[in-house]
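Everything below concerns the one structure shown next.
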Protein chains: 4
Amino acid sequence: MTSFSLDPRDDLPLYAQLARQLREAVTAGRWPAGRPLPSVRTLVGLLKVNPQTVLRAYRELEEEGLVEPRQGQGTFVRTEAVEAAAEARRRELLEDIERLARQARDLGVPEEVIVQAVRKEKGES
Amino acid sequence: MTSFSLDPRDDLPLYAQLARQLREAVTAGRWPAGRPLPSVRTLVGLLKVNPQTVLRAYRELEEEGLVEPRQGQGTFVRTEAVEAAAEARRRELLEDIERLARQARDLGVPEEVIVQAVRKEKGES
Amino acid sequence: MTSFSLDPRDDLPLYAQLARQLREAVTAGRWPAGRPLPSVRTLVGLLKVNPQTVLRAYRELEEEGLVEPRQGQGTFVRTEAVEAAAEARRRELLEDIERLARQARDLGVPEEVIVQAVRKEKGES
Amino acid sequence: MTSFSLDPRDDLPLYAQLARQLREAVTAGRWPAGRPLPSVRTLVGLLKVNPQTVLRAYRELEEEGLVEPRQGQGTFVRTEAVEAAAEARRRELLEDIERLARQARDLGVPEEVIVQAVRKEKGES
DNA sequence: GTGGTCTAGACCACG
DNA sequence: GTGGTCTAGACCACC
């Protein structure tokens, strides 16, 4: 149900793109605790990249404490960490939005136009 | 009146940090057409960086058409390009804000909290 | 009376954790010669691990000569091997302590503080 | 003045062996802040290993906050972090010694023999 | 089957 | 010169 896509032309390294997508999937609550994430080999096959690239993405998540690998079984979500990560992400997003909004205002964008942008997606779900 | 600061630990390369700060200064209307931007030598002295770093930042701005070097006189703002650049920046900011707002909503942040963030800085200018 | 606990996140593989705990139990004189160690099936049930994991731990102990399986009866401690194993373990512990103490001293820990640590547990047994 | 040695037969992966040695050198105060650590290529030449192996060791130290790489310049010690790391290491060593001492005592080693081991190296400096 | 390590070597971006 | 990324593929340990 969850799909991944990598773009070699992106500024972000492939492993970081993959890590980001995995992080979002995990944070959003897909991949319940009992089911392992897709195996390294599976992703290698799907994404046509080197095992190292996938491994590095998984290592990233592991270092963040989001996920734990178990020898011979696969990589599993550490549910305790998920909500904390989501909360951190929310704070970070709000700060970023604040900062960008300030920049936009400084460049003369009327506040209501910015608010409009924030509300824009509302009707599209 | 305009100062620059570089952080070697930032993800952005030094030259890009500098280019960004110069770009913002120019876009915001500092450095009127008659006054040259600081010389490479000056910035090298101020920022304690490699001349290549400063040169590359200036080259960036030049390629964007924002500034033009004049032999023996220094580097000057191309006023006709400033408004176009500012407009492009505004569009970019609004798109970024939209994208981040969507992500925040997906993580369960109520829309009004996001709008709040956008309005937050109102009284602080 | 003897319980085992495995931590999948530990650096040590599960089978090694189990082997270590069994080894310590045997060396410490629990499991007298007449009583068999818990069966593979029992441990699998208790620890919720793969039978291979338990088998490998038992194989380890067997190869060290500490225990011997008897067809249809279970796995028994080889009492004559226990004292030799304990002695080896003692030597190993002293070497480790020596090594760590040297490292601590190199980092500036006063020798008396280290001695203190060694004596610390005295009254707690 | 500082030399490194890797043993492929060791249980520890090569990158971890190297990371440990670098960590100790940094913690012990060699490699003052102004001088970069040996470059990846230098160590590759010295140790006859793959660049990836060296890189992974350096990445480890970076993630611990001990060291920071600067593009095009080399890898530098973060002096602020060194003392904190040394203190953490001291605590860890004392805990390990305590634990091992307890085990030794449980196996019947007289406390004075353990204390002797701790003091053993005294006259060798 | 799973994840983990290592090699040999190319290519890029930065200063 | 520096560090960073990626590839293609081998080998190992664990469950």
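Because the structure is predicted, anything quoted here is derived from the model rather than measured. Numbered from 1 within each chain, the chains take letters A, B, ... in sequence-line order. The figures here come from the full heavy-atom set of this structure, side chains too, leaving out hydrogens, waters and symmetry mates.
- Checked for salt-bridge contact, Glu87(A) and Arg90(A) meet the test: a charged N lies under 4.0 Å from a carboxylate O.
- For Arg56(C) and dC14(F), the shortest distance from a side-chain N or O to OP1 or OP2 is below 4.0 Å.
- For the pair Val49(B) and Tyr15(B), the minimum side-chain heavy-atom distance is 4.5 Å or more.
- Side chains of Arg56(C) and Leu14(C) form no contact here, defined as non-hydrogen atoms less than 4.5 Å apart.
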For DNA chain F, please output the secondary structure as dot-bracket, reading 5' to 3'. Pairs are Watson-Crick or G-U wobble, both atom distances under 3.5 Å; mark crossing pairs with [ ], other-strand partners with |, unpaired with a dot.
||||||||||||||.
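- For Val40(D), taking side-chain heavy atoms from C-beta onward, the closest of the listed nucleotides dG15(E), dG3(F), dT7(E) is dG3(F).
- Under the 4.5 Å side-chain criterion, counting only non-hydrogen atoms from C-beta, Pro38(C) is in contact with Trp31(C).
- The nearest whole Å value for the distance from the CD atom in Glu62(A) to the P atom in dT2(E) is 17 Å.
- Contact check, Tyr15(D) against dT5(E): a side-chain N or O comes under 4.0 Å of OP1 or OP2.
- Atoms CG (Leu43(A)) and C1' (dG3(E)) sit 13 Å apart, rounded to a whole Å.
- Distance, Leu6(A) CG to dT5(F) P: 15 Å, rounded to whole Å.
- Of the two residues near DNA chain E, Ala16(B) and Gly74(A), the one whose nearest nucleotide lies more 5' is Gly74(A).
- Nucleotide dT7(F) holds its P atom 10 Å from the CG atom of Leu47(A), rounded to whole Å.
- Contact check, Ser39(D) against dG1(F): no side-chain N or O comes under 4.0 Å of OP1 or OP2.
- In this structure, CG of Leu14(D) is placed 11 Å from P of dT5(E), rounded to the nearest angstrom.
- When each of dC14(F), dT7(F), dA8(E) is scored by its nearest atom to the side-chain atoms of Gln71(A), the top-ranked nucleotide is dC14(F).
- Between Glu92(D) and Arg89(D) a salt bridge is recorded (basic side-chain N to carboxylate O distance below 4.0 Å).
- Between the side chain of Gln17(B) and the backbone N or O of Leu12(B) there is at least one donor-acceptor pair closer than 3.5 Å.
- The interatomic distance linking Gln17(B) (CD) with dG15(E) (C1') rounds to 13 Å, in whole Å.
- Between the CG atom of Leu47(A) and the OG1 atom of Thr42(A) there is a distance of 10.0 Å, given to the nearest 0.5 Å.
- When the side-chain nitrogen and oxygen atoms of Thr53(D) are compared with OP1 and OP2 of dT7(E), one or more of them lie within a distance under 4.0 Å.
- Residue Pro69(D) has its side chain nearest to dG4(F) when only dT5(E), dG4(F), dT7(F) are considered.
- Closest to the side chain of Pro13(A), from the set dG4(E), dG15(E), dT5(F), is dT5(F).
- Minimum atom distance to the side chain of Arg41(D) is reached by dT2(F), of the listed dC14(F), dT2(F), dT7(E).
- Rounded to an integer number of Å, the gap from Asp10(D) CG to dT5(E) P is 13 Å.
- Residue whose closest nucleotide on DNA chain F sits further toward the 5' end, between Leu12(C) and Arg70(D): Arg70(D).
- Taking atom CG of Leu61(D) as the reference point, atom C1' of dG3(F) lies 15 Å away to the nearest angstrom.
- Closest to the Leu55(D) side chain, of the nucleotides dG4(F), dT7(E), dG15(E), is dG4(F).
- With Glu64(C) as reference, Arg23(C) is the one residue of Arg78(C), Arg23(C), Arg59(C) to meet the side chain to side chain donor-acceptor pair (under 3.5 Å) rule.
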